[in-house]
Undergrad: 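One structure, as structure tokens, below. Some questions next.
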Amino acid sequence: MKLFIIAGEPSGDLHGKNLLQEIQRRTSDLEVRGVGGDGLAGLGVHLVRHIRDTNFMGFVQVVRNLGKIKQIFRDVKADLLQFKPDAVILIDYPGFNLRIAKFCREQGIKVLFYISPQVWAWKKNRVKKIQRDVDRMFVILPFEKDFYAQEGVEVDFVGHPLLDEIAEGGYKGKEVREELLGEKQQLIALLPGSRKQEITRMLPKMLEVQSDFPDAKFVIAGAPSQEPAFYQELLGNAEVAILHNQTYELLDAADYALVTSGTATLETALFGVPEVVCYAGSSLSVWLARRLIKVKYISLVNLIMDREVVKELIQQELNRTNLKAELEKLMDPVQGQQIRQDYLALKAKLGNAGASARAAEGMLEFLQTP
């Protein structure tokens, strides 16, 4: 069987790796090419493009890199035509992947989409494109199946793959604490994102409160797609530890966290770490988002729970005064206990472990049915 997988971001590479592992366990004689990161490459996927080339953030960055994006699109199309896969598996990354889905339909290539675009938040017109171009959709958020049903589209809810990733355990949080912390110190994890532009924007804002908590240790989660030197340039002389490509070890060790909105907000919650969700984008990107996005929250934690479980500081609200106040609230025992109880309810909503296996089984069943 020949498969072509496209995961244009680090989270997509992670979920794609877990999905492909389950597919490999269930079928032999598999040849896979695609777009992804080190996770997929480590499973033998021949990468046409690495996520270092595809990981853009926000409207402004996309516009600035349109020429590069068009070239990547041409490269992927050419490889698809030459490779002639039995199916293409698209993982999130909707701006690019929905265009590829249309191209694949025109070429008679079966399209499986894993992790739905956030059509329930904005660009609802994409539902029609999905209905037209995607042969089967596998969703990971509990409310998405009902949303699609209301639009007349049948999808498979498989549960959230992060439950599998985190349930594997074995993370060395205790060792991290012993290595980094002094007696009675608390560890505050900083997760400023994975893209250069968002890290450059978010990390300095997070570090503004470092001097307000002199007895705490601030530790940065270094993204695997970024070099250590990049962080050092941003830090200058600031004494802050960095754990590169060890985000789960850091979350396993952390007492509290400041987290850039995205998948990391959910990862932090699943590790039971009280967090403040942070976001600041370009003025144009935020203006467009507020006009187009039709949801009450930006964090997956609050979206899934449909209420405010974790505080979101957005744009002007993301400042030193507010960050300090919200961190202090997390350190209150009553507040911290309430958040952890809410996290347990969140896990229950996400379903049982085994999302990657269920998605793999559903895809293979679909592809092997005459």
Undergrad: Looking at every non-hydrogen atom in both residues, tell me the closest pair between I23 and I89 and how far apart they are.
TA: CD1-CD1, 3.9 Å

Undergrad: Of all the heavy-atom pairs spanning V35 and L47, show the shortest one and how long it is.
TA: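 Looking at all heavy atoms of both residues, the shortest contact is C-CD2, 4.1 Å.
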
Undergrad: Decide, yes or no, whether a salt bridge links R25 with E22 under the criterion of side-chain N to carboxylate O below 4.0 Å.
TA: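 Between E22 and R25 there is a salt bridge, with a charged N closer than 4.0 Å to a carboxylate O.
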
Undergrad: Taking the ring of F138 and the ring of F113, is the distance between their centroids below 6.0 Å?
TA: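 No, the ring centres sit 6.0 Å or more apart.
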
Undergrad: Looking at E9 and R195, does any basic side-chain N land under 4.0 Å from a carboxylate oxygen?
TA: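 Looking at R195 together with E9, the answer is yes, because their closest N to O distance falls below 4.0 Å.
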
Undergrad: Do any pairs count as a salt bridge (Lys or Arg N to Asp or Glu O under 4.0 Å) and have a residue in residues 136-151, sequence neighbours left out, and if so which ones?
TA: K124-E151, R136-E154, R136-D156

Undergrad: Under the side chain to side chain donor-acceptor pair (under 3.5 Å) rule, what do R320 and S211 come out as? Steps first, then yes or no, please.
TA: CA-CA 10 Å; R320 178 176 176 175; S211 60; 3.2 Å; yes

Undergrad: First locate atom CD1 of I115, then atom OH of Y93, and finally report the distance between them rounded to the nearest 0.5 Å.
TA: 14.5 Å

Undergrad: Please determine if E326 and K329 form a salt bridge, counting it only when a charged side-chain N lies under 4.0 Å from a carboxylate O.
TA: yes

Undergrad: Answer yes if the side chains of N18 and E165 hold a donor-acceptor pair under 3.5 Å, and no otherwise.
TA: yes

Undergrad: Closer than 4.0 angstrom, basic N to acidic O: yes or no for D255 and R177?
TA: yes

Undergrad: Thinking salt bridges, do K324 and D212 make one under a 4.0 Å N-O criterion?
TA: no

Undergrad: Is there a donor in the side chain of R126 and an acceptor in the side chain of S116, or the other way round, less than 3.5 Å apart?
TA: no

Undergrad: Less than 4.0 angstrom from a charged side-chain N to a carboxylate O is my criterion; do R201 and E198 meet it?
TA: no

Undergrad: Is there a donor-acceptor pair under 3.5 Å between the side chain of T369 and the backbone N or O of E365?
TA: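 Yes, because the side chain of T369 sits within donor-acceptor range (under 3.5 Å) of the backbone of E365.
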
Undergrad: Which pairs pass salt bridge (Lys or Arg N to Asp or Glu O under 4.0 Å) with one or both residues in residues 335-344, sequence neighbours excluded?
TA: R307-D342

Undergrad: Can you tell me how far the NZ atom of K110 sits from the CG atom of L367, to the nearest 0.5 Å?
TA: 6.0 Å

Undergrad: May I have all residue pairs that pass ring pair (Phe, Tyr, Trp, His ring centres under 6.0 Å) and include part of residues 222-250, sequence neighbours excluded?
TA: Y171-Y248, Y231-H244, Y248-F271

Undergrad: Taking only Lys NZ, Arg NE, NH1 and NH2, and the carboxylate oxygens of Asp or Glu, determine whether K17 and D38 approach each other closer than 4.0 Å.
TA: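 Salt bridge between K17 and D38, a charged N being under 4.0 Å from a carboxylate O: no.
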
Undergrad: How long is the span from the OG atom in S261 to the CD1 atom in I314, to the nearest 0.5 Å?
TA: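 Output value for this atom pair is 7.5 Å.
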
Undergrad: Do the charged groups of R33 and D79 touch, with an N to O distance under 4.0 Å?
TA: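 Judged by the 4.0 Å cut-off on N to carboxylate O distance, R33 and D79 do form a salt bridge.
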
Undergrad: Just by distance, with hydrogens left out, do S299 and E312 show a side-chain donor and acceptor under 3.5 Å apart?
TA: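 Indeed, the side chains of S299 and E312 share at least one donor-acceptor pair under 3.5 Å.
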
Undergrad: Is there a continuous path of hydrophobic side-chain contacts, each under 4.5 Å between heavy atoms, that joins L207 to L187?
TA: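 Different hydrophobic clusters.
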
